[in-house]
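What follows is a set of notes on a single structure, which appears directly below.
Per chain, numbering begins at 1; letters A, B, ... match sequence-line order.
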Amino acid sequence: MQSRVIMLVDFDYFFAQIEEVRNPSLKDKPVVVCVYSGRSIDSGAVSTANYIARKYGVESGISIYLAKKKLRDVDAIFLPVDHEFYEMVSKRIMDIMKGYADRFEQVGIDEAYLDVSQSVNENFEAAKDLALKIKQDIRAKEEITCSIGTGPNKLVAKIAADIQKPDGLTVVKPGEVENFLSPLPVGRLIGVGKKTEARMESLGTRTIGELSEYDVQRLVAIFGKVFGTYLHYASFGIDESPVQERGEAESISRISTLKEDTWDLGIILERANQLCEEVHARLMQQGFSFKTVGIVAVMADMSIRSRSKTFENPTNELALFKRTVKELFEKLLSESELEARRVGVKLSNFVKMQEKQKQLTSFIGTSAINLYS
DNA sequence: GTATGCTTTCGGC
DNA sequence: TTACGGCCGAAAGCATAC
């Protein structure tokens, strides 16, 4: 095998596009898909907007209030998120793509990596044709457009997919990788966030090209052996990480907005306990045990606090989950003078439950003492 | 010092 | 001039072990 051929397929403005498909009369209007918090009329945030709405400055994360203001003189459509429906459509499109891939890796609800090396016999011209065919197939079956990046590995494919969108296709052949990457800012590399980018800027390496000229030994001295060598190879577009089906989620969480800001532990725990039950139910569906319990609180000033606790041994006990959440909120609130606006709970650090353990748990019930904890 | 793993915060969608 | 979700994984920061 000479070269791998990897694609990253990204569905365009996914939630809003699905709403356009469901109701085609929306297609020529600004469409804004919103998460309403229920606290007051129009409190909440924008999840996704179509490209017409984006022209007015409406983007993910801004408040619904602000989005309405930006679109006040326009015939715009505001819709609540319908996550279950989007999951269904996503799953169908994922299944279409799996048919074209030697290996497949879903990333979130609207992205996937496809290793198509064998399908195209390592030929990048054939890869371009295949990408067009995949786009066409998804469009024919689901009326959804997507943007595809194609390259010799995941790193290049991911960056390429961002070059042209919506409905884009960017193919980067192995021989073109260095010219493709070198003018781009280092922040485009996975693993390079704001802080790392700033540190690199001070070293005079703003672009990936400049990074590739930087001495490896120095990179290792500054960023450590593992990260330093990773950066060196990434700057040359070298990435051997395989496309592989992901296991189940690494964490399961739920967060929700309170009716009003409060520092009353009783009110907070009442909501948190409901969230615990929902998260725990999902955990049971997946057949996992957890080792880590986390909480998060968004305070009145929108600052975010979180706390977590990791156990020695995995457990799946709801009562322990709730008890730990209580403990963590007590700690968090005692360390903060602000009222809470939103509260959330999270489980992570999963271990697959053994059949035996599953049966034991269902037999004894939720009040059981977990033998492993 | 470096590696590793855990906790907290950040950021994309 | 305020406004402001929910979920996930990545990044950053810190503690500990060697």
Closest approach to the side chain of [X], judged atom by atom: which nucleotide of [options] is it?
{"X": "A/Ile255", "options": "C/dG5, B/dC13, C/dG6", "result": "C/dG6"}
{"X": "A/Arg307", "options": "C/dG6, C/dA3, B/dT8", "result": "B/dT8"}
{"X": "A/Lys225", "options": "B/dA3, B/dT8, C/dA12", "result": "B/dA3"}
{"X": "A/Val226", "options": "B/dT4, C/dG5, C/dT1", "result": "B/dT4"}
{"X": "A/Arg341", "options": "C/dA3, C/dC7, C/dC4", "result": "C/dC4"}
{"X": "A/Thr196", "options": "C/dC8, C/dA3, C/dA12", "result": "C/dA12"}
{"X": "A/Arg282", "options": "C/dG6, C/dG9, C/dC8", "result": "C/dC8"}

When you check the phosphate oxygens OP1 and OP2 of [N], does a side-chain N or O of [X] lie under 4.0 Å from one of them?
{"X": "A/Thr292", "N": "B/dC6", "value": "no"}
{"X": "A/Arg254", "N": "C/dC8", "value": "no"}
{"X": "A/Ser37", "N": "C/dC4", "value": "no"}
{"X": "A/Ser306", "N": "B/dT7", "value": "no"}
{"X": "A/Arg305", "N": "B/dT8", "value": "no"}
{"X": "A/Thr310", "N": "B/dC6", "value": "no"}
{"X": "A/Ser47", "N": "B/dC13", "value": "no"}
{"X": "A/Arg188", "N": "B/dG12", "value": "no"}
{"X": "A/Ser63", "N": "C/dG5", "value": "no"}

Which whole-number value in Å describes the distance from [X] [atom1] to [N] [atom2]?
{"X": "A/Glu260", "N": "C/dC4", "atom1": "CD", "atom2": "P", "value": "14 Å"}
{"X": "A/Arg271", "N": "C/dG6", "atom1": "CZ", "atom2": "C1'", "value": "13 Å"}
{"X": "A/Phe15", "N": "B/dG12", "atom1": "CZ", "atom2": "P", "value": "16 Å"}
{"X": "A/Leu332", "N": "B/dT9", "atom1": "CG", "atom2": "C1'", "value": "13 Å"}
{"X": "A/Leu347", "N": "B/dT7", "atom1": "CG", "atom2": "P", "value": "14 Å"}
{"X": "A/Gln286", "N": "C/dC8", "atom1": "CD", "atom2": "C1'", "value": "13 Å"}
{"X": "A/Ile304", "N": "B/dG12", "atom1": "CD1", "atom2": "P", "value": "13 Å"}
{"X": "A/Leu189", "N": "C/dA11", "atom1": "CG", "atom2": "C1'", "value": "14 Å"}

Using only atom types and a distance under 3.5 Å, with no angle test, would you say the side chain of [X] pairs donor to acceptor with the backbone of [Y]?
{"X": "A/Lys135", "Y": "A/Cys146", "answer": "yes"}
{"X": "A/Lys326", "Y": "A/Leu269", "answer": "no"}
{"X": "A/Asp12", "Y": "A/Asp167", "answer": "yes"}
{"X": "A/Ser90", "Y": "A/Ile109", "answer": "yes"}
{"X": "A/Glu176", "Y": "A/Lys173", "answer": "yes"}
{"X": "A/Thr229", "Y": "A/Lys225", "answer": "yes"}

| query | Out of A/Gln274, A/Arg271, A/Glu278, which one pairs with A/Ser256 under the side chain to side chain donor-acceptor pair (under 3.5 Å) rule? | reply | A/Arg271

What is the nucleic acid contact for [X], judged by heavy atoms within less than 4.0 Å: base, sugar-phosphate only, or nothing?
{"X": "A/Ile252", "result": "sugar-phosphate"}
{"X": "A/Gly108", "result": "nothing"}
{"X": "A/Lys69", "result": "base"}
{"X": "A/Gly61", "result": "base"}
{"X": "A/Ile64", "result": "nothing"}
{"X": "A/Val192", "result": "sugar-phosphate"}
{"X": "A/Leu66", "result": "base"}
{"X": "A/Asp42", "result": "nothing"}

| Aromatic rings A/Phe11 and A/Phe14: how do their planes relate, parallel, tilted or perpendicular, breaks at 30° and 60°? | tilted

| query | According to the interplanar angle, ranging from 0 to 90°, do the rings of A/Phe350 and A/Phe288 count as parallel (below 30°), tilted (30 to 60°) or perpendicular (above 60°)? | reply |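 The rings of A/Phe350 and A/Phe288 lie parallel, inter-plane angle below 30°.
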
| field | Given DNA chain C, 5'-ward residue of the pair A/Val46 and A/Phe227, judged by closest heavy atom | value |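 The residue closer to the strand's 5' end, by nearest nucleotide, is A/Val46.
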
| Of A/Lys291 and A/Phe14, the one whose closest DNA chain B nucleotide lies more 5' |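 The 5'-side residue here is A/Lys291.
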
| note | Contacts of A/Asn349 and A/Gly224 projected onto DNA chain B by closest heavy atom; the upstream (5') one is A/Gly224

What's touching nucleotides 13-18 of chain C from the protein side, N or O pairs under 3.5 Å?
{"from": "C/dG13", "atom 1": "OP1", "to": "A/Lys195", "atom 2": "NZ", "distance (Å)": "2.7"}

| Is a side-chain donor-acceptor pair under 3.5 Å present for A/Tyr233 with A/Glu240? |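 Short answer, no.
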
| query | Expressed as a whole number of Å, how far does the P atom of C/dA3 sit from that of B/dG12? | reply |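 Those two atoms are separated by 22 Å.
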
